[in-house]
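Here is the structure we will look at, set down as structure tokens.
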Amino acid sequence: MLIEQTIRENIAKAVSALYAAEFKAGDVQIQATRKDVEGDLTVVVFPFLPYSKKSPQQTAFELGNFLEQNIDDIASFEVVKGFLNLTISQKYWLGQLTEASRQEQYGCSLAGDGSPLVMIEYSSPNTNKPLHLGHVRNNLLGFSLGEILKANGNRVVKTNIVNDRGIHICKSMYAWQKWGEGKTPETTGTKGDHLVGDFYVLFDKQYKKEIAELMAGGLTAEEAAQQAPSIVAARGLLLKWEARDPETIALWKRMNQWVYDGFDVTYKELGVDFDKIYYESETYLMGKEEVMRGLEAGIFYQKEDGSVWADLSDEGLDHKLLLRSDGTSVYMTQDIGTAKLRFNDFAIDKMVYVVGNEQNYHFQVLSKLLGKLGFEWGRGLHHFSYGMVELPNGKMKSREGTVVDADDLIAGMVDVARKTSEELGKLEGYTEGEALETYKIIAMGALKYFILKVDPKKNMLFNPEESIDFNGNTGPFIQYTYARIRSVLRKATDRGITASMNGETLPLTEKELGLIKTITLFPVAVKEAGEAYSPALIANYVYNLVKEYNQFYHDHSILAEENENIRNFRLILSESVSLIIKRGMGLLGIRVPERM
RNA sequence: GCCUCGGUAGCUCAGUUGGAUAGAGCAACUGCCUUCUAAGCAGUAGGCCAUGCGUUCGAGUCGCAUCCGGGGUACCA
């Protein structure tokens with residue numbers, strides 16, 4: 001048991017014994033003691049003053065005395081103003097350290113058959129263009145969230161809903177038919193998603209040109225946008241698609257497959273995967289059915305033009321369109337269908353949507369609509385809302401060509417990792433294959449950490465030049481420290497030193513104590529990250545640990561140390577730190593190289 | 001207009017359920033490669049935590065108001 005809990009319970013007992021009052025153990029405030037003050041843990045005594053009816057100092061003294069007498073592991077205490085600073089015995093810290101080094105899954109509680117089943121939806125691309133930086137943030141957050149939830153004892157199903165139908169893919173299809181000259185990924189050597197994206201851009205260009213021409217001919221902007229030949233043709237394709245025209249369906253399947261093949265490559269590079277993939281072309285009809293059912297049941301209403309609406313004013317929201325006047329479905333309709341299908345397919349306890357914050361309103365509405373339709377689980381869905389990624393010169397806009405393409409980004413990162421490594425001579429003696437593998441790990445570590453260390457709900461600025469920095473609070477810095485620790489352990493093993501501890505109390509330096517405290521609290525950090533759904537918490541935690549570790553080892557060489565007990569103790573310390581880095585980075589989805 | 005999320009060092013970001021004197025990295029400047037690997041370490045400098053009022057023993061953190069910025073707001077997804 002963590003000593004915090006013991007202290008809490010004893011404080012409650014003390015309040016009862018000394019002041020004849022009830023105080024819940026869980027409400028006792030405990031925090032890490034400031035670095036410049038003697039002690040390890042601090043109890044804030046202000047909340048007890050109403051019961052003790054004494055000065056903060058006096059109260060702290062009385063509680064401190066009680067704790068010192070009743071808890072073996074409290075070595076001493078000191079009172080500063082209203083703060084009771086407790087010094088914990090070295091024996092306790094050493095015990096925690098040994099424990100940490102023994103557990104392969106330190107800090108994690110593994111899921112069993114009866115554990116809650118959480119489904120996470122993330123990525124969710126359109127099939128008309130390649131993945132970009134925004135998707136990268138989404139994918140990394142989604143995957144990382146899954147790892148964190150797993151570490152907190154949940155079973156996790158990662159899912160991806162692919163928006164494979166609609167006007168957008170028809171635009172690409174039309175452009176390919178008209179100007180594609182039979183080009184394929186094979187004949188052009190272009191990645192499939194990029195090829196399809198190129199035709200989407202081509203369509204847009206042509207479309208704009210036509211609009212300009214029509215407007216020069218006297219039409220209004222709106223009329224021109226509706227009447228341009230390209231858009232008319234694309235709409236025609238959509239109608240054909242909905243009528244299941246064989247030729248159109250075949251082309252649709254063919255071009256979507258190109259895109260999927262391209263996505264698979266990017267997903268693999270990012271290190272993300274899915275347990276189950278849904279396609280909107282397979283779920284939107286169920287959404288329609290549900291809406292019609294709701295209409296018949298009087299939950300929704302129909303306007304004169306035939307469009308179907310939900311009145312959410314009783315829930316504090318507005319009216320929401322569910323089916324267009326022409327009977328076609330909207331985004332919301334599809335999401336209703338997808339949600340129902342998922343809950344049919346899996347015994348989901350909790351549904352998490354990793355989707356950008358521009359859709360906050362959408363998910364608020366979705367939750368209420370599902371509730372109205374009688375799906376109680378709908379009210380419990382969780383929208384993991386994250387902020388946008390901005391560039392130094394402003395927002396990303398695909399039409400203006402200011403998007404950062406995911407594949408380009410990854411390739412660029414690997415390139416920088418290669419150059420930097422070569423300059424520093426870090427990977428001498430590696431085979432070409434080993435070196436490339438390491439460049440990739442480092443490059444992706446840099447990218448992933450750069451994105452994940454930021455609080456998900458905030459908008460973030462992505463500066464390509466800064467993201468590839470390997471110094472300071474970065475992924476490679478943490479990976480590098482891990483590699484160094486492994487090196488220490490390797491060399492120690494080579495010399496026949498086995499890490500063991502005889503359990504006797506060793507003299508600990510302040511830095512050692514600080515490190516061990518951090519290690520001890522790792523499970524707490526994992527749990528908090530799970531509750532707050534925050535990869536950033538883990539990232540910052542691991543960074544602080546690594547920084548402390550580096551400082552520590554700068555001052556204390558392990559192998560030069562004569563005393564065997566101390567040497568072994570430090571090996572265990574190394575092992576535990578490396579374990580936490582590995583687990584912590586694992587939770588972020590970042591791999592760490594054994595050596596660099 | 002209404003709803004919602006932000007505003008902390010020149011820049012990018014941390015800051016635990018309100019706790020003690022506000023924390024990193026980058027950029028700038030100064031030192032340190034016989035120890036495990038300098039992708040490192042140590043140090044200097046840099047702050048009206050957007051602004052005002054309030055809540056209380058105590059506010060970067062909670063409440064209200066204002067200013068600035070992002071997003072959303074009935075037939076895009």
Side-chain angles (χ1 to χ4, degrees), chain A residues 26-27 29 31-34 36-37 42 44 46-47 49 56 80-83 85 124 126 163 166-168 280 303 305 307-310 312 316-326 328-332 334-335 356-362 364-365 385 387-388 390 392 395 417 420-421 423-426 442 446 450 453-455 457-463 465-467 469-481 483-492 524-525 528 532 536-537 539-541 543-544 547 550-561 574 595-596:
Chain A
D27 291 341
Q29 289 182 51
Q31 57 196 282
T33 304
R34 289 177 58 94
D36 51 345
V37 179
T42 294
V44 183
F46 291 108
L49 300 186
V80 181
K81 291 189 247 174
F83 300 95
N85 301 321
S124 307
N126 287 356
N163 183 13
I167 190 73
H168 57 275
E280 285 192 356
K303 283 192 181 174
D305 61 4
S307 56
V308 177
W309 296 76
L312 296 173
L317 298 176
D318 226 321
H319 292 239
K320 185 73 189 174
L321 176 81
L322 297 176
L323 285 177
R324 294 193 188 92
S325 46
D326 63 3
T328 57
S329 59
V330 291
Y331 179 39
M332 187 62 75
Q334 297 168 16
D335 257 2
N357 64 11
E358 75 271 13
Q359 292 188 29
N360 284 352
Y361 184 68
H362 172 83
Q364 221 180 319
V365 172
S385 163
M388 309 192 349
E390 284 160 15
K395 257 183 286 177
T420 310
S421 299
E423 269 170 34
L424 294 170
K426 288 286 181 190
I442 296 168
F450 185 84
K453 74 178 178 185
V454 181
D455 184 350
K457 72 169 183 270
K458 287 187 177 176
N459 285 1
M460 66 174 287
L461 188 103
F462 184 87
N463 186 334
E465 282 166 25
E466 279 176 22
S467 73
D469 203 336
F470 293 167
N471 300 314
N473 189 359
T474 64
F477 166 64
I478 297 170
Q479 292 172 318
Y480 175 69
T481 303
R484 273 173 49 200
I485 294 172
R486 301 307 299 174
S487 169
V488 168
L489 295 170
R490 231 178 4 254
K491 283 177 184 169
V524 177
E528 281 178 0
L537 207 74
N540 287 295
Y541 184 90
Y543 170 69
N544 287 328
K547 205 166 152 52
N550 276 321
Q551 287 165 4
F552 170 70
Y553 267 103
H554 181 259
D555 298 345
H556 304 77
S557 167
I558 297 182
L559 300 175
E561 190 59 65
S574 288
R595 52 199 183 113
M596 278 171 87

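Just so we're on the same page: letters track the sequence lines, and every chain starts at 1. These numbers were taken from a predicted model, which means no experiment stands behind them.
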Ignoring hydrogens and geometry, is there a side-chain-to-backbone donor-acceptor pair from A:Lys320 to A:Met332 under 3.5 Å? no
Same-atom distance (P) from B:A9 to B:G15, integer angstrom: 15 Å
Categorize A:Asn85 for me: base, sugar-phosphate, or nothing, with a 4.0 angstrom heavy-atom threshold over every strand shown. base
Assess whether side-chain hydrogen bond (donor to acceptor under 3.5 Å, both in side chains) is satisfied between A:Asn550 and A:Arg484, documenting all intermediate values. CA-CA 10 Å; A:Asn550 276 321; A:Arg484 273 173 49 200; 3.2 Å; yes
Any base atoms under 4.0 Å from A:Ala483, or only sugar-phosphate, or nothing? Heavy atoms, all strands. base
Is any side-chain N or O of A:Thr481 under 3.5 Å from a base N or O of B:A39, one able to act as donor and the other as acceptor? no
Ignoring hydrogens and angles, tell me if any N or O in the side chain of A:Asn85 forms a donor-acceptor pair with the backbone of A:Thr42 under 3.5 Å. no
What contact category does A:Ser385 fall into here, base, sugar-phosphate, or nothing, at under 4.0 angstrom with non-hydrogen atoms? nothing
With centres under 5.5 Å and planes under 30° as the test, does A:Phe46 stack with B:G58? no
Between B:C41, B:C36, B:U4, which nucleotide has the shortest distance from any of its atoms to the side chain of A:Asn360? B:U4
Sugar-phosphate, base or nothing in reach of A:Lys547, heavy atoms under 4.0 Å: sugar-phosphate
Tabulate protein N/O versus nucleotide N/O from nucleotides 74-77 of chain B, keeping only pairs under 3.5 Å, one per line.
{"from": "B:C75", "atom 1": "O2'", "to": "A:Arg324", "atom 2": "NE", "distance (Å)": "2.8"}
{"from": "B:C75", "atom 1": "O2", "to": "A:Ser325", "atom 2": "N", "distance (Å)": "3.2"}
{"from": "B:C75", "atom 1": "N4", "to": "A:Asp305", "atom 2": "OD2", "distance (Å)": "2.6"}
{"from": "B:C76", "atom 1": "O3'", "to": "A:Arg324", "atom 2": "NH2", "distance (Å)": "3.4"}
{"from": "B:A77", "atom 1": "OP1", "to": "A:Arg324", "atom 2": "NH2", "distance (Å)": "2.6"}
{"from": "B:A77", "atom 1": "OP2", "to": "A:Arg324", "atom 2": "NH2", "distance (Å)": "3.4"}
{"from": "B:A77", "atom 1": "OP2", "to": "A:Tyr331", "atom 2": "N", "distance (Å)": "3.4"}
{"from": "B:A77", "atom 1": "O3'", "to": "A:Asn163", "atom 2": "ND2", "distance (Å)": "2.9"}
{"from": "B:A77", "atom 1": "O2'", "to": "A:Asn163", "atom 2": "ND2", "distance (Å)": "3.3"}

What does A:Tyr480 touch in the nucleic acid at a heavy-atom separation under 4.0 angstrom: a base, only the sugar-phosphate, or nothing? base
Give the nucleotide from the list B:C36, B:C13, B:A39 with an atom nearest to the side chain of A:Leu424. B:A39
Return yes if the base of B:U4 and the side-chain atoms of A:Tyr361 contain a donor-acceptor N/O pair under 3.5 Å, otherwise no. no
Closest-nucleotide mapping onto RNA chain B: is A:Val80 or A:Gln551 further toward the 5' terminus? I mean the 5' end. A:Val80
In the structure I gave you, are the side-chain heavy atoms of A:Ser307 and A:Leu323 within less than 4.5 Å of one another anywhere? no
Interatomic distance at P, B:A14 relative to B:G7, whole Å: 9 Å
Write down the distance separating the P atoms in B:C68 and B:C62, rounded off to the nearest Å. 22 Å
Contact class for A:Ile442 (heavy atom, under 4.0 Å): base, sugar-phosphate, or nothing? base
Does A:Glu528 reach a base, just sugar-phosphate, or nothing at all? Heavy atoms under 4.0 Å. base
Is there aromatic stacking of A:Phe477 on B:A39 here, judged by a ring-centre distance under 5.5 Å and a plane angle under 30°? no
Looking at the side chain of A:Gln29, which of B:G19, B:C36, B:C13 is the nearest nucleotide? B:G19
Among B:G6, B:G70, B:G40, which nucleotide sits nearest the side chain of A:Lys457? B:G6
